[in-house]
Amino acid sequence: QVQPVESGGGSVRPGGSLTLSCTAAGRTLDYHAIAWFRQVPGKEREGVSCISASVGFTYYVDSVMGRFTISRDHAKNTVYLQMNRLEPEDTAVYYCAAGASSRCGRFKAWARQDEYDGWGQGTQVTVSS
């Protein structure tokens with residue numbers, strides 16, 4: 001089981017950018033679909049984006065389409081979430097999740113938490129003026 005580790009969270013003003021990173025010490029991410037989720041207190045954890053293992057198919061929730069970009073660097077064993085034009089509504093704890101499969105689930109199944117069996121501890125992103 002892969003245990004992801006997130007980094008890169010922080011505070012930024014609306015309209016700003018942040019890049020989150022996800023890696024896994026001692027284990028390769030190469031064979032796993034990797035997703036980013038986010039959660040605010042009192043709400044369900046929401047799937048933000050997913051990238052498949054080999055071909056690199058990507059998926060996004062509608063609210064971040066065109067602003068966020070997920071990518072992976074196999075040489076660095078790292079998956080990134082580039083977040084641009086951040087909005088206060090993006091404020092949340094962001095989690096990286098490793099899928100049991102190499103593919104992101106189809107028809108929004110990728111956004112289901114039970115598609116993933118390895119979770120990071122989360123990193124806080126705060127967007128505020």
Side-chain angles (χ1 to χ4, degrees):
Q1 183 177 352
V2 174
Q3 184 65 49
V5 177
E6 308 94 340
S7 62
S11 296
V12 65
R13 294 187 183 277
S17 298
L18 280 174
T19 300
L20 305 183
S21 299
C22 173
T23 190
R27 297 289 301 274
T28 180
L29 299 177
D30 284 357
Y31 308 114
H32 300 269
I34 302 296
W36 288 96
F37 284 74
R38 65 186 179 186
Q39 189 170 25
V40 297
K43 290 192 176 181
E44 292 282 325
R45 193 170 292 190
E46 175 189 41
V48 175
S49 183
C50 182
I51 186 167
S52 64
S54 57
V55 179
F57 290 124
T58 58
Y59 303 82
Y60 300 92
V61 68
D62 288 348
S63 60
V64 308
M65 194 81 70
R67 300 188 298 121
F68 291 11
T69 303
I70 192 170
S71 62
R72 63 194 308 159
D73 185 331
H74 290 283
K76 295 183 177 180
N77 197 36
T78 301
V79 172
Y80 302 99
L81 185 68
Q82 173 68 44
M83 305 185 294
N84 297 326
R85 305 201 313 271
L86 282 161
E87 304 169 353
E89 294 74 21
D90 297 315
T91 296
V93 177
Y94 283 71
Y95 297 89
C96 180
S101 170
S102 63
R103 301 178 179 181
C104 299
R106 297 176 63 190
F107 306 118
K108 297 189 177 181
W110 65 266
R112 289 170 39 182
Q113 296 182 55
D114 60 5
E115 290 279 310
Y116 306 91
D117 56 7
W119 291 85
Q121 294 299 307
T123 185
Q124 177 71 46
V125 171
T126 301
V127 185
S128 174
S129 55

Revision key, fill the gap. Residues passing the side-chain contact (heavy atoms from CB on, under 4.5 Å) test with R67, sequence neighbours excluded, are V64, R85, E87, D90
Exercise for review: Could you list all the side chain to side chain donor-acceptor pair (under 3.5 Å) pairs where at least one residue sits in residues 7-18, not counting sequence neighbours?
Suggested key: S17-N84
Point to revise | Within residues 18-81 or reaching into it, pairs that qualify as disulfide bond (SG atoms under 2.5 Å apart) - sequence neighbours excluded | key: C22-C96, C50-C104
Revision key, fill the gap. Here the salt bridge (Lys or Arg N to Asp or Glu O under 4.0 Å) pairs for residues 112-129, sequence neighbours left out, are R112-D114
Check your understanding: Excluding sequence neighbours, so at least two apart, what forms side-chain contact (heavy atoms from CB on, under 4.5 Å) with V12?
Key -> L18, L86, V127
**Study point:** Contacts of type side chain to side chain donor-acceptor pair (under 3.5 Å), residue R27, not counting sequence neighbours
**Key:** none
Exercise for review: Please report the shortest heavy-atom distance between P14 and S129, naming the atom on each side.
Suggested key: CD-N, 3.7 Å
Point to revise | Side-chain donor or acceptor of D30 paired with backbone N/O of A53 under 3.5 Å | key: no
Study note, to complete from the structure: On a heavy-atom basis, the closest approach of V2 and A24 is CG1-CB, 3.6 Å
Check your understanding: Roughly how far, to the nearest 0.5 Å, is CH2 of W110 from CD1 of I34?
Key -> 13.5 Å
Point to revise | Inter- and intrachain pairs under ring pair (Phe, Tyr, Trp, His ring centres under 6.0 Å), touching residues 72-97, at least two apart | key: none
Study note, to complete from the structure: Residue pairs passing the ring pair (Phe, Tyr, Trp, His ring centres under 6.0 Å) test with at least one member in residues 16-55, sequence neighbours excluded, are F37-Y116, F37-W119
**Study point:** Close side-chain approach of L20 to E6, heavy-atom, < 4.5 Å
**Key:** no
**Study point:** Set of residues satisfying side chain to side chain donor-acceptor pair (under 3.5 Å) with respect to Q121, sequence neighbours excluded
**Key:** none
Exercise for review: Name all pairs fulfilling the salt bridge (Lys or Arg N to Asp or Glu O under 4.0 Å) condition that reach into residues 15-24, sequence neighbours left out, sorted by first residue then second.
Suggested key: none
Point to revise | Candidates L81, T69, V79 - the one meeting side chain to side chain contact (heavy atoms under 4.5 Å, CB included) with S49 | key: L81
Check your understanding: Mind checking what makes side chain to side chain donor-acceptor pair (under 3.5 Å) contact with R103, not counting sequence neighbours?
Key -> none
Check your understanding: Quick check: does any side chain N or O of R72 sit under 3.5 Å from a backbone N or O of S52, one acting as donor and the other as acceptor?
Key -> yes
Please tabulate, for the side chains in residues 55-63, all donor-acceptor contacts under 3.5 angstrom to protein atoms that are two or more places apart in sequence or on a different chain.
| residue | atom | partner | partner atom | Å |
| --- | --- | --- | --- | --- |
| Y60 | OH | I70 | N | 2.9 |
| S63 | OG | R38 | NH2 | 3.4 |

